[in-house]
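Inspection log for the structure reproduced underneath, given as structure tokens.
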Amino acid sequence: MTMTHQRCTLAVLLCLSTLAPALIAQGNSKRPLDYVNTLVGTAPLDQPKLIGNAPPPGEQLCSGFTSPAATLPHSSTELGPINANLDVHYLAGVRATYFYPNRMIYGFSTGTGGSPVLMPVVGDFTVPPERSGSVYDKSREKASAGYYSAYLDDFHTQIEMTATTWTGIFRITFPASDQANILLDLRRNGGAVEVVGDRTLRGHSADGRSYFVAEFSSPFRTFGTFKQNPPRTPRDPLIGFDDVNPSDRSISGNYAGAYLRFSTTDKQQVLVKIASGTSYEAAEARLHAEQPGWDFDAIHRQAEGAWATKLNAIEVKGGTEKQRQLFYSCLYHSLYSPRLLARSGEEFKNAQNVAEKATYDRYGAVPLWDTGRNQIVLLTLLEPQTKTDILRSELDDARERGYMETSFHGDNAVFMYLGDWERGLTFDWPGAYEYLRKNAMDPKGPRGYLAEYMQQGWISDIIPVGNPSPPYAGGKAGAATTLEYSWDDYALALYAKKLGKTDDYTMFLQRAHNYRNVFDPSVGFIRGRTQDGAWISPFDPREPYYNFMMKEASGWSTLWLVPQDVQGLETLLGGREKFAAKLDEFFSTPYTAKGICRDCTGVIGQYVHGNQPDQEAAYYYDWAGQPWKTQELTRRILAQMYGSDRYGLAFPGMDDQGSTSSWYVMSALGFYPVDPSSPNYILGSPIFDEATLHMGNGHDFKVVAKNNSAGNQYIQSATLNGKAWNKTWFSHADVADGAVLVLTMGPQPNRQWASAPDAAPPSMSDSR
């Protein structure tokens, strides 16, 4: 990017962030940007009735595992605090590097996964930097879109950070000292670092995929390198002899790093800007293109402008101050993922670790088990061009790897491709089908246990030796995997039908009914089976069989994992009334599990909002002819599971790159894509008086809730584009060219509105 181009881009972004009075929330001058608090999602729930069960002693309770790092939308560059000791982080299995209640900061991330940790230290230090932590002042911590700041009490030092797409910049305000140090290291995976001159540090990850270059605004007075030697004992894997080498310019190994020492006057600022790339030359080019100078405030304003453009896509009126903060903070987190690998024309390393130039904006993998349930739809609504590039990225990655990305569990890429086709995007749909079909048909591919699934129509489980009670992490999750594949196969059937592949349609449609093969009518639950077909016993649907039979869920949670055929599940459970009664039991049976499911927090009865498998279940009353229960439940989940803690920041379970956040965003608007491969949206209860989606296709979709309030949560009647609407769902086609959905709200359920069988959303087994 030339400097002229950069200035023009900055001017446009700043202009966009201040335009459009309609984007200002009703009754005040705040912009969507002003509501974002990036600390949202970093604290755990603290009401025992919502937690479920506590983790073992020594482990922290799951929060949303979000980060307040300074970053841009979909950027791979993150500059943010690490307040979980990384040694403890790995030993205890904790996955978050930031946990709001913690009061020590051990370092700051500087970019991508291959970039170093940075820590300013005044006085003597120990290495690696994570051992030179400091208490920090929570009252002086600031976290907003594209910016983070903390005051390190032990060092009387303030550190601020902001970012561009590929670079970051720190502004460190030191006290007067002859020992003002900045430490950087490559963490436990190691690599190599090199001190160049008196203002530059550079290095690369151990695998050679990522290089970084860091430049300093002031020359350092002295310097040295360090690394961590091999561990003293096998039982002490993280603590070895530290190897510190004054004046040495290069080093490699575990925790390879460097210390740079400055002499500072009181409140003297030292700035550090850093960039990553596929080589030193690429990192330097990015650094000089995106940050030719040292204007921290200008970079901060540019980051705010980028976020304002994204956040302004949804305008809300009404609701409380807290609801608006949660909404825009969740929207912010929803736009984290997937991460950009390269802009068009830039170099990146493909799935085969071969450097090439991108011919379009190339993105990393979509976490399909997580955001593949909801966020992928939100992106299509708001950013269709970005979404098309994401589709291209996944397909090109499949061509390089030989198979389509599956992501953790199931084979859910087909949800994204079919869903986007149904929502009108233009793409090479036959090209994608080749790899989607290959995933579903090749036993050597990424679908685990596919041969067994294809042969008998379900996946068995192996009973663990000894006590099969949870937690049990080594199983096949056979029952849950069967459900996932059945869901995938229904989407593939519809995909094949759209391509005119009749034989494939028939085959995949038959496979889509396989979920019935793991339903045990004698107990009324999805249940695991052994290789000979016998039902696994003992079986307790309240226990979180983490991989044994189920996947990160109990039998209660897994029961509802049939979003493609809610009508068919209703039939298995004995019809509409019994289906509704089963839902009632689900949401009212106390959570008393003995086994630990660490991310199963945020409970209402047996419902667990903090993990994905049953997050759609609150909407199932729309099929049961009791939509008022969906309306009450979605309001309750929005109120209790987000920000209900003493800090006002809590999330249940894990956000998983925006999935729990996207649930909030769409449910707060009043609708949710229960099956993302379908073009249909299922109605809940909006919390705002009015919300307008400025969709990426140039049209507006407005949801108006008349007489709306915390007490008036029930839909009394509805119109869509001025016509009476008596259904609990609408299709993307109904709103794609712009629409106004008006919901009249009231304090008591209207049991006649949208409760008839033909008002329910369509299902695979639906006879309509």
Side-chain angles (χ1 to χ4, degrees), residues 79-83 85-87 104-111 115-137 148-161 168-188 190-203 212-228 241-251 253-274 294 296:
L79 279 66
I82 300 168
N83 75 357
N85 185 297
L86 293 190
D87 287 353
M104 290 282 292
I105 283 182
Y106 300 94
F108 298 88
S109 61
T110 62
S115 298
V117 168
L118 177 149
M119 185 66 186
V121 178
V122 176
D124 295 331
F125 60 84
T126 57
V127 296
E130 290 83 342
R131 296 187 194 163
S132 298
S134 171
V135 173
Y136 67 109
D137 187 344
Y148 178 83
S149 173
Y151 187 81
L152 306 177
D153 290 357
D154 290 345
F155 305 133
H156 306 290
T157 296
Q158 171 143 3
I159 182 167
E160 304 167 84
M161 56 212 72
I169 184 168
F170 294 88
R171 183 164 63 188
I172 305 169
T173 304
F174 283 109
S177 176
D178 288 332
Q179 291 183 296
N181 306 290
I182 297 177
L183 283 67
L184 296 98
D185 86 296
L186 287 168
R187 290 172 276 187
R188 61 186 285 114
V193 298
E194 178 185 4
V195 179
V196 181
D198 62 357
R199 291 175 182 259
T200 302
L201 178 71
R202 67 183 190 177
F212 76 88
V213 174
E215 295 182 357
F216 298 79
S217 61
S218 302
F220 30 85
R221 181 169 56 88
T222 59
F223 59 86
T225 62
F226 56 83
K227 68 176 180 179
Q228 188 178 58
F241 294 103
D242 297 322
D243 188 356
V244 181
N245 307 286
S247 301
D248 276 10
R249 288 189 173 270
S250 62
I251 200 166
N254 189 38
Y255 282 105
Y259 65 89
L260 312 161
R261 179 166 292 173
F262 303 81
S263 294
T264 55
T265 58
D266 188 39
K267 293 184 172 52
Q268 180 176 336
Q269 293 181 340
V270 176
L271 281 73
V272 186
K273 56 185 180 180
I274 188 166
W294 294 96
F296 181 95

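From a predicted model like this one, the values you see are computed outputs, not experimental measurements.
- Here the side chain of S115 pairs no donor or acceptor atom with the backbone of T110 at under 3.5 angstrom.
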Show, in sequence, the C-alpha distance, side-chain angles and deciding distance for S134 and I105, and conclude whether the side-chain contact (heavy atoms from CB on, under 4.5 Å) test is met.
CA-CA 5 Å; S134 171; I105 283 182; 5.7 Å; no
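- Ring orientation note: the planes of F262 and F220 are nearly perpendicular, at an angle over 60° on the 30°/60° scale.
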Can you list the steps and then say if V270 with S217 is a side-chain contact (heavy atoms from CB on, under 4.5 Å)?
CA-CA 6 Å; V270 176; S217 61; 4.2 Å; yes
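- Between R221 atom CZ and Q179 atom CD the span is 8.0 Å, to the nearest 0.5 Å.
- The stretch residues 193-203 participates, sequence neighbours left out, in these salt bridge (charged side-chain N to carboxylate O under 4.0 Å, His left out) pairs: E194-R202.
- Taking 4.5 Å as the limit, every side-chain heavy atom of V193 sits out of range of all side-chain heavy atoms of L184.
- Heavy-atom contacts from other residues, nucleotides or ligands closer than 6.0 Å to CG of D124 number 12 or fewer.
- Shown here for A214 and V272, the closest heavy-atom pair between the two residues is CB-CG1, 4.4 Å.
- Exactly one residue among L201, I274, I172 makes a side-chain contact (heavy atoms from CB on, under 4.5 Å) with F216. That residue is L201.
- Applying the side chain to side chain donor-acceptor pair (under 3.5 Å) rule to T265 yields the partners Q268; only residues at least two apart in sequence or on another chain are considered.
- Considering every non-hydrogen atom in both E160 and S149, the closest pair reads CG-OG, 3.6 Å.
- Counting heavy atoms from C-beta on, the side chains of L79 and F108 never come closer than 4.5 Å.
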Derivation of the side-chain contact (heavy atoms from CB on, under 4.5 Å) call for N83 and Y136:
CA-CA 10 Å; N83 75 357; Y136 67 109; 3.1 Å; yes
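- You'll find the side chain of W294 reaches within 4.5 Å of the side chain of K273, heavy atoms only.
- Annotation: side chain of D185 is not in contact with side chain of V127 (no heavy-atom distance under 4.5 Å).
- The two residues A180 and T264 make their nearest non-hydrogen contact at CB-OG1, 3.7 Å.
- Shown here for I82 and S109, the closest heavy-atom pair between the two residues is CD1-N, 4.1 Å.
- For N181 (side chain) and G123 (main-chain N/O), a donor-acceptor pair under 3.5 Å exists by modelled atom type.
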I'd like to know whether F223 forms a side-chain contact (heavy atoms from CB on, under 4.5 Å) with R249, so could you lay out the CA-CA distance, the side-chain angles of the two residues, the decisive distance to 0.1 Å, and finally the verdict.
CA-CA 8 Å; F223 59 86; R249 288 189 173 270; 3.5 Å; yes
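- Without hydrogens or angle criteria, D243 side chain to K227 main chain gives no donor-acceptor distance under 3.5 Å.
- Among all heavy-atom pairs drawn from P246 and V244, the shortest one is CD-O, 3.6 Å.
- F125 approaches R261 most closely through the heavy-atom pair CE2-NH2, 3.5 Å.
- Using a distance-only test at 3.5 Å, with no hydrogens or angles considered, no donor-acceptor pair links the side chain of T157 to the main chain of F174.
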